[in-house]
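Step one of this worksheet: look at the structure below.
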Amino acid sequence: MMDDERFMTDSDGRIYRRYDDIKTKPIQRLNYDSREINRFIKKQEPVIIENLGLVDSATKWDLEYLHENIGNEEKSVYVSKTHKFMYYNASRCAVYPDFIPPNEQHNMTMTEFIRKYRTWKPGEHRIYFQQILTDTVGSCIYNDFRNFKWSWLNSKKERFNWGDLTSNLLLIGQPGNVTPVHYDEQQNFFAQVHGYKRVLLFDPKFFQCLYPYPFHHPCDRQSQVDFENPDYERFPLAKHLAGYEGVVGPGDVLYIPMCWWHYIESTMDSQITTSINFWYKHQSMTLSDLRFPLKWQQKLTVSRNIEKMLGEALGDPSEVGPFLNALVNGRYT
Ligand SMILES: CCC[C@@H](CC(=O)O)C(=O)C(=O)O
Ligand SMILES: [Zn+2]
């Protein structure tokens with residue numbers, strides 16, 4: 001890997017893709033007992049929380065233990081011809097008939113996933129286990145799940161008036177797997193269990209630099225900018241990207257604020273990467289809470305509502321682009 005100039009090795013020996021064009025500062029790392037943590041969450045800024053032990057009971061979740069205990073219901077595994085696993089909403093393909101899904105979602109048993117994982121050879125399609133933890137898991141897993149530090153999580157939910165926990169995703173990836181830059185409309189405590197992931201995060205205000213796909217596109221919420229081969233002709237503002245960077249390892253918990261752009265890559269030196277995320281609905285905002293000018297998180301919600309409403313008002317999502325161009329070009333530009 002060392003002689004492949006697409007990759008770099010950091011001072012801790014972590015190996016990940018080199019993105020010289022992207023300016024970043026280190027994500028702040030704080031010990032779990034630091035009072036500063038609440039300040040970051042209140043300001044909705046990313047922070048890596050160390051030694052919290054949030055999901056310590058999942059440390060034993062290696063492939064053997066999961067094979068024994070997770071249950072034989074089929075699990076959700078994404079399969080990609082490349083190392084990238086961009087999420088897409090298959091139900092929106094009708095609006096974009098030329099859209100080619102960048103990967104496939106398969107359902108397979110844990111036995112099948114482990115067989116594929118263990119026999120995988122470079123050049124073969126990559127796999128990425130991404131399964132919501134539901135009550136169908138075996139009793140041992142359920143007990144481990146109950147032993148997560150829910151008191152800490154609930155204290156943050158209450159303190160910051162977050163909505164309900166919507167889901168926990170169990171992620172099991174191969175070294176080198178990449179989740180390209182996107183945003184989610186939920187607060188996220190991202191707990192790293194095994195292996196290392198390099199993360200890049202960007203404030204929602206970089207909306208114009210990351211050129212998200214249209215609302216009605218299958219890749220809604222995903223950026224059109226390919227960090228490995230950025231097209232600065234089509235996306236000139238991508239040159240101005242500036243964000244935060246860090247590597248999360250076993251025991252680290254990354255707070256990914258709602259609507260913050262994030263790119264997450266399993267480092268090449270990892271044997272396997274296992275993560276568990278905690279997605280929370282954002283806090284309910286009342287009109288009296290609104291302060292102007294709006295924050296970009298709020299402008300993002302406004303922009304999504306406009307695109308959604310236009311699709312309905314025009315009766316055809318494919319008219320939204322031409323209509324917005326007619327509205328803006330030569331008038332606001
Ligand atoms: C499908 C979710 C993938 C995850 C990133 C990663 O670990 O690859 C993420 O983007 C998130 O937790 O929000
Ligand atoms: Zn995400």
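Panel note: side chain H106, backbone E104; no donor-acceptor pair is recorded below 3.5 Å. In this structure, the side chain of S57 engages the main chain of D144 through a donor-acceptor pair within 3.5 Å. Checking side-chain atoms of S80 against main-chain N and O of K84 turns up a donor-acceptor pair under 3.5 Å. For the pair N177 (side chain) and R126 (backbone), a donor-acceptor distance under 3.5 Å is absent. Side chain of K299 to main chain of Q297: no donor-acceptor pair is present (N/O by atom type, distance under 3.5 Å, no hydrogens or angles). In this structure, the side chain of R331 engages the main chain of L327 through a donor-acceptor pair within 3.5 Å. Put simply, the side chain of S34 never gets that close to the backbone of L30: no donor and acceptor are under 3.5 Å apart.
Side-chain polar atoms of H67 and T111 form a donor-acceptor pair below 3.5 angstrom. Between N305 and E307, the side chains place no donor N or O within less than 3.5 Å of an acceptor N or O (distance only, hydrogens not considered). T109 and K75 are not linked by any side-chain donor-acceptor pair at a separation below 3.5 angstrom, with hydrogens and angles left out of the test. Remark: the Q187 side chain and the Q44 side chain contain an N/O donor-acceptor pair separated by less than 3.5 Å. Side-chain N/O atoms of T267 and S270 include a donor and acceptor closer than 3.5 Å. At a cut-off of 3.5 Å, with distance as the only test, no side-chain donor of Q174 or S266 sits close to an acceptor on the other residue. Counting only N and O atoms by type, the side chains of Y196 and D10 include no donor and acceptor under 3.5 Å apart. Between D184 and H262, the side chains place a donor N or O and an acceptor N or O closer than 3.5 Å (distance only, hydrogens not considered). Side-chain N/O atoms of W296 and D203 include no donor and acceptor closer than 3.5 Å. Checked by atom type, the side-chain pair Y78/Y87 shows no donor-acceptor distance below 3.5 Å. Residues K156 and N38 bring a donor and an acceptor atom of their side chains to less than 3.5 Å of each other. Side-chain atoms of D21 and Y232 form a donor-acceptor pair, as typed in the model, at a separation below 3.5 Å. Looking only at atom types and distance, the side chain of Y183 has no donor-acceptor partner in the side chain of Q222 under 3.5 Å away. Checked by atom type, the side-chain pair S76/Q131 shows no donor-acceptor distance below 3.5 Å.
Environment of NZ in K43: crowded, with over 12 heavy atoms of neighbouring residues, nucleotides or ligands closer than 6.0 Å. Counting non-hydrogen atoms of other residues, nucleotides and ligands closer than 6.0 Å to CZ of R118 gives a total above 12. With a 6.0 Å radius and a threshold of 12 heavy atoms from other residues, nucleotides or ligands, E312 has its CD atom above the threshold. Open room surrounds OH on Y142; 12 or fewer heavy atoms of other groups in view lie less than 6.0 Å from it. For I100, the CD1 atom counts as loosely surrounded, since its 6.0 Å shell holds 12 or fewer non-hydrogen atoms of other residues, nucleotides or ligands.
Note that CG of L210 is 10.5 Å distant from CD of Q224, once rounded to the nearest 0.5 Å. For the atom pair CG of D62 and CD1 of I272, the computed distance is 8.5 Å after rounding to the nearest 0.5 Å. For the atom pair CZ of F207 and OG of S303, the computed distance is 4.5 Å after rounding to the nearest 0.5 Å. Interatomic distance, N31 CG to L52 CG, rounded to the nearest 0.5 Å: 9.5 Å. Distance check: Q192 CD to N277 CG gives 11.0 Å after rounding to the nearest 0.5 Å. Rounded to the nearest 0.5 Å, atoms CH2 (W261) and CZ (R221) are 10.0 Å apart.
Residues E185 and R304 share a closest heavy-atom pair of OE1-NE, 3.3 Å. Listed here is the closest heavy atom pair of T166 and K281: CG2-CG, 3.5 Å. Nearest heavy atom pair, residue G195 against residue P250, reads O-CD, 3.4 Å. When all heavy atoms of L133 and F145 are compared, the pair lying nearest together is CD1-CD1, 3.9 Å.
Between R6 and E228 there is no salt bridge, since no side-chain N of the basic residue sits under 4.0 Å from a carboxylate O of the acidic one. Using a cutoff of 4.0 Å between basic side-chain nitrogens and carboxylate oxygens, D56 and K149 are not scored as salt-bridged. Electrostatic pairing of D269 and R14 counts as a salt bridge here, judged by a charged N lying under 4.0 Å from a carboxylate O.
A 4.5 Å side-chain heavy-atom check between R29 and D252 finds at least one atom pair inside the cut-off.
A ring-centre distance under 6.0 Å is found for W150 and F278.
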Next item on the list: Begin from the C-alpha positions of E124 and K116 and carry the test salt bridge (Lys or Arg N to Asp or Glu O under 4.0 Å) through to its verdict.
Entry: CA-CA 10 Å; E124 291 179 349; K116 284 181 182 295; over 6 Å; no
Margin query: Let's go through W152 and I49 carefully: what are the C-alpha distance in whole Å and the side-chain angles of both, what is the deciding distance for side-chain contact (heavy atoms from CB on, under 4.5 Å) to 0.1 Å, and is it a yes or a no?
Written below: CA-CA 12 Å; W152 185 88; I49 303 160; 3.7 Å; yes
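Classified by interplanar angle (parallel below 30°, tilted 30° to 60°, perpendicular above 60°), the ring pair Y88/F99 is tilted. Between F227 and Y19, the two ring planes are perpendicular [angle over 60°; tilted spans 30° to 60°]. Using cut-offs of 30° and 60° on the angle between ring planes, the pair F85 and Y128 is perpendicular.
Connectivity analysis of hydrophobic side chains (ILVMFWY, heavy atoms under 4.5 Å, direct or indirect) links Y213 to M86.
Residues satisfying the salt bridge (charged side-chain N to carboxylate O under 4.0 Å, His left out) test with E245, not counting sequence neighbours, are R198.
When each of F160, F190, W162, Y255 is paired with Y280, the ring-ring contact (aromatic ring centres under 6.0 Å, His included) condition holds for W162 and for no other.
Hydrophobic clustering (ILVMFWY, side-chain heavy atoms < 4.5 Å, transitive): L201 and V47 are in distinct clusters.
For R92 and F215, the positive end sits near the middle of the six-membered ring, less than 6.0 Å away and at most 45° from its axis.
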